[in-house]
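What you are looking at is a predicted structure, and each value in this text was computed from that prediction instead of being measured.
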Amino acid sequence: MSQTIEERAAEFAIQPSYHALGGEFVRPPVETLRALLDAFGIPPEGPPPDRAPPEMRAPEGEACFLPEGEMRLWGIAAQLYQLRSGRNWGIGDFADLCALARIAGAAGADFIGLNPLHALFLANPAHTSPFSPSNRRFLNPLYIAVDRVPGYRDELAPEGLDQLRAPDLVDYPAVAAAKLDALRILWREGPDDPLAFMRFCTEGGELLRRHALFEVISAQMVADGHGAGWRGWPEGFHDAESPEVAEFADARADEVGFHLWLQWIADRQLGEARDACRAEGMKIGLYLDFAVGEVPDGSSTWSDPSLAVPGLRIGASPDWFNAQGQDWGLAPLSPVKLADLHAAPFGALMQDATRRAGALRIDHAMGVWQLFLIPDGMGAPQGTYVRYPIEDMLRALAEASRRNRTIVIGEDLGNVPEGFREVMARMNILSYRILLFERHDHGYIAPEHYPREALVCLSTHDLPTFRGWWRGDDVAIRRDFHLISDEAARQQGEFRWTERRQLLEDLARARLMGWDEIDRIGPEDPPEALVVAVHRHLARTPSRLFAVRIEDMAGEVAPVNVPSTVDEHPNWRRRLGVPLEALADTALFRGIAGAVAAERPREPT
């Protein structure tokens, strides 16, 4: 008897059905299953695979690094680009990160959480999303503090530096032009430590060289009217090993060296920021973020095309927040190749990601088990889940975590498969719990009922600030951008009244605010006392880590990012209204930091 396409797909861990976030049973179109089989190079008919589909389980005897002891620590979460200072060049940089380390350390914090610092496209600085990187192995050189590079002098500063610093939004093209012009001059004067630079290049190997070469070709292609991504280049430049690429590399060797040097300087300055955290007595230090994938036309897929699967994009199924689902436009690693190689390429990525990190957040942690994939030509509602070799993936992650003594946090939000959090717990991967989502039928989960093995926070980069949430701005934004219907917006707006009242009553029961006090608070801007009280409330959880958003400490209203928008909203561009030099002296910062530190006092070293 011949197989159905559903049976054939299931043999290769392509899910012919799945349960959506709301519990609905969804069957993707047959065309989706055929497209996925084709993308993985699997004929629609033929012998079964050599191995059975993976099962959700942790590898025996493996676990990630986790320090002993109670460890109830807190830290400040920031987007590095948003930091404003009187010395930076219009974008937060690694020197600002050192300054933030001093501020956070003095307040009693034990870590600084950051957005992904992955390499984007220097030739297309308008591509701003840190979660849509060109290459996750390497760093974004725009974070280099130019005035901290050896050999810098004031005459290298661009004219109009005050105009770069003044706007509320990062002007990425202007910042990139100013920084690269100055950095090229410093490069021509030679590395200050040639032996260390040579060692860095040798250790980075061929993938580092190809990334630098990619950046040089990308800049030339943009100058010639092509795109920054390799899919828009002439055919001869699609292959990193082609004669055209080899000839170009020989002719532009100095420029390739410049981009190698940029990576060295960025890596060195990130190391200095890590050391600044240690100097402040922080037990964790840098808490870095690792994106779930890379863009299909970036440095990574060009440098090593064997691992990514062309014709597919990573996304998310439709849910309450976005009725159309999400298409993140990222290329997935091949589950077939990863299984064949026992997840060795993923392990190499994890070694790089944990090298400078006291803690690492894995964006969309369920990706070690399954990803929602969308074939080209289809939308998110037509996608489905594909399973990955979870035991090999977790073993590789644990090995990197232990080697570099890096705590691992898994972003387990959205459609979390049954049993996945139990696997995370067995692997010592901390859960990621957000106050706004931690609810039951009658209100919010009490702080004492949060899990110990977790990081908790009020909200994240994909959610509104606390002020924005209180005012209901997020509902209005989703409606205005047609991410939800008018009726859904009306329902969510009405429910926000309930959410606000439930939170106020929780604070009153916890004796963090008086009953008469909460009765006077309306839906307009929340008073500072409320913002402080809700942070203190959540700080009382038994969870190991608590992250406070710097936006909430600075009193910001607008969101950092509105998921599923690109140009409609200034995502990943908004700068803090308060400069670093003044942040620690604001009443709101002092109130939140003092309240959290009182609940989570720094442990003696």
What is the distance from atom [atom1] of [X] to atom [atom2] of [Y], rounded to the nearest 0.5 Å?
| X | Y | atom1 | atom2 | result |
| --- | --- | --- | --- | --- |
| Ser401 | Ile407 | OG | CD1 | 8.5 Å |
| Leu458 | Ile592 | CG | CD1 | 8.5 Å |
| Asp289 | Leu114 | CG | CG | 8.5 Å |

**Study point:** His118/Phe290 under ring pair (Phe, Tyr, Trp, His ring centres under 6.0 Å): CA gap, chis, key distance, verdict
**Key:** CA-CA 8 Å; His118 308 315; Phe290 187 79; 5.6 Å; yes
Practice item. Apply side-chain hydrogen bond (donor to acceptor under 3.5 Å, both in side chains) to the pair Arg433 and Ser431, showing each step before the final yes or no. Key: CA-CA 6 Å; Arg433 301 301 176 97; Ser431 184; 2.7 Å; yes
Review point. Are Arg84 and Asp168 close enough for a salt bridge, meaning some N to O gap below 4.0 Å?
Key: yes
Practice item. Using a strict 4.0 Å threshold on nitrogen-to-oxygen distance, state whether Asp352 and Arg136 make a salt bridge. Key: no
Review point. Under 4.5 Å between any side-chain heavy atoms of Asp93 and Ile144, yes or no?
Key: no
Review point. With side chains defined as the heavy atoms from C-beta onward, is the minimum distance between Glu551 and Gln79 less than 4.5 Å?
Key: yes
**Study point:** Of all pairs that satisfy ring pair (Phe, Tyr, Trp, His ring centres under 6.0 Å), the ones with a partner from residues 85-107, not counting sequence neighbours
**Key:** none
Test of understanding: with salt bridge (Lys or Arg N to Asp or Glu O under 4.0 Å), list the residues that count as partners of [X], not counting sequence neighbours.
| X | value |
| --- | --- |
| Asp567 | none |
| Glu494 | Arg490 |
| Arg540 | Glu599 |
| Asp267 | Arg355, Arg356 |

Practice item. Return the set of residues passing ring-ring contact (aromatic ring centres under 6.0 Å, His included) with Phe111 (not counting sequence neighbours), or none when no residue passes. Key: Tyr287
Check your understanding: Backbone N or O of Arg87 within a donor-acceptor pair of the Arg165 side chain at under 3.5 Å?
Key -> yes
Point to revise | Under 3.5 Å: donor-acceptor pair, side chain of Ser543, backbone of Leu455 | key: no
Practice item. Apply side-chain hydrogen bond (donor to acceptor under 3.5 Å, both in side chains) to Glu294 and Ser300, showing your working. Key: CA-CA 7 Å; Glu294 293 151 328; Ser300 179; 2.9 Å; yes
**Study point:** Stepwise side-chain hydrogen bond (donor to acceptor under 3.5 Å, both in side chains) test for Arg600 and Thr541
**Key:** CA-CA 10 Å; Arg600 292 172 173 257; Thr541 66; 3.1 Å; yes
**Study point:** Parallel, tilted or perpendicular: ring planes of Trp572 versus His461, cut at 30 and 60 degrees
**Key:** tilted
Check your understanding: Can you tell me if Asn571 and Thr565 form a side-chain donor-acceptor pair at under 3.5 Å?
Key -> yes
